[in-house]
Amino acid sequence: MAHAQQDKSGRRGRDETAEERADRMWQELIQEVRVAQTGVQILFGFLLTVVFTPKYEELSGTDQTIYIVTVVLGACATGALIGPVSLHRLVSGRKVKPQAVRWASRLTLFGLVLLLATTCAALLLILRVATDDGFVPYLVAGVVAWYLLCWFVLPMWTRYRHTAP
């Protein structure tokens, strides 16, 4: 089992080989992706059904455009968040796990950005249909700000604040 130790620079870390570190990071990444995949798949599945409802025909041209953009964003988010699984399967056994982890991590981060966009676009569409009030863009902007805070600002602040130089 890996244990924490201090290296020559005084930084603390795990006592693990590059391969062990890649294996650990891969397992952590896959657990994170599972959470995001579930959310994007449920949202995308819901979005796919909307076009087949009678209400869809009643939507304004703008709302139909928002819907189409939302579905495309959802499809792209789904692809990015499932991408790490395909990447791992295609490179497994090729001794490129550290590189695969880096690419899978990038795909996951991009997938999260697309999931944020999908969720906010879906929220915009739903609120536009549910109410004609002018506060809808402000509500959506507030949700975008909240997601950015939870998903990116707080993690980056933590990374900056608690990572040794």
Side-chain angles (χ1 to χ4, degrees), residues 1-52 66-126 139-165:
M1 177 186 276
H3 62 279
Q5 73 175 28
Q6 238 173 347
D7 66 15
K8 294 175 188 170
S9 68
R11 292 175 57 185
R12 294 184 58 82
R14 296 173 189 250
D15 182 20
E16 58 190 10
T17 66
E19 292 82 14
E20 290 170 333
R21 182 170 193 258
D23 287 342
R24 177 182 53 80
M25 291 178 72
W26 181 260
Q27 291 303 316
E28 291 173 359
L29 180 67
I30 286 303
Q31 291 300 324
E32 295 163 2
V33 167
R34 283 184 180 137
V35 172
Q37 280 178 345
T38 301
V40 75
Q41 288 171 335
I42 290 169
L43 178 59
F44 187 53
F46 165 75
L47 287 170
L48 291 176
T49 66
V50 170
V51 74
F52 299 106
I66 293 170
Y67 171 75
I68 291 166
V69 168
T70 305
V71 168
V72 171
L73 286 169
C76 292
T78 300
L81 290 170
I82 293 175
V85 175
S86 176
L87 175 67
H88 181 264
R89 184 52 28 225
L90 292 173
V91 302
S92 183
R94 306 269 182 195
K95 299 183 182 183
V96 294
K97 189 168 265 181
Q99 296 85 353
V101 169
R102 277 194 296 280
W103 278 107
S105 181
R106 291 174 183 147
L107 275 171
T108 302
L109 185 59
F110 189 58
L112 289 174
V113 170
L114 289 168
L115 178 57
L116 178 133
T118 305
T119 303
C120 292
L123 181 63
L124 175 64
L125 178 61
I126 289 166
L139 282 175
V140 174
V143 171
V144 169
W146 177 249
Y147 282 177
L148 290 173
L149 178 69
C150 293
W151 292 7
F152 301 104
V153 174
L154 182 59
M156 291 306 291
W157 177 82
T158 302
R159 179 178 175 172
Y160 173 78
R161 177 89 165 93
H162 299 290
T163 302

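The first residue of the sequence shown is numbered 1, and numbering continues consecutively from there. Since the model is a prediction, treat every value here as computed from it, not as a measurement.
The main-chain N or O of Thr17 is found under 3.5 Å from a side-chain atom of Glu20 such that the two form a donor-acceptor pair.
Checked options Thr108, Val96, Leu87; the residue passing with Trp103 is Leu87 (criterion: side chain to side chain contact (heavy atoms under 4.5 Å, CB included)).
The CZ atom of Arg34 sits 13.5 Å away from atom CG of Leu81, with the distance rounded to the nearest 0.5 Å. For the atom pair CZ of Phe152 and CZ of Arg159, the computed distance is 13.0 Å after rounding to the nearest 0.5 Å. In this structure, Lys97 NZ and Arg21 CZ are separated by 13.5 Å, a value rounded to the nearest 0.5 Å.
In terms of heavy-atom proximity, Leu29 sits nearest to Val101 at CD2-O, 4.1 Å. The two atoms that bring Trp26 and Pro84 nearest to each other are CH2-O, 3.3 Å, heavy atoms only. The two residues Leu73 and Ala121 come nearest to each other via the heavy atoms CD1-CB, 4.4 Å. Counting all heavy atoms, side chain and backbone alike, Ala122 lies closest to Thr70 at N-CG2, 3.7 Å. Among all heavy-atom pairs drawn from Gln37 and Val85, the shortest one is NE2-CG2, 3.8 Å. Residues Ala100 and Val91 come closest through the heavy atom pair CB-CG2, 3.8 Å.
With sequence neighbours excluded, the residues satisfying ring-ring contact (aromatic ring centres under 6.0 Å, His included) with Tyr67 are Tyr56.
Ion pair Glu16/Arg24 flagged as a salt bridge, since at least one NZ, NE, NH1 or NH2 atom sits closer than 4.0 Å to an Asp/Glu carboxylate oxygen.
For Phe46, the CZ atom is loosely surrounded, since the number of other residues' heavy atoms within 6.0 Å does not exceed 12.
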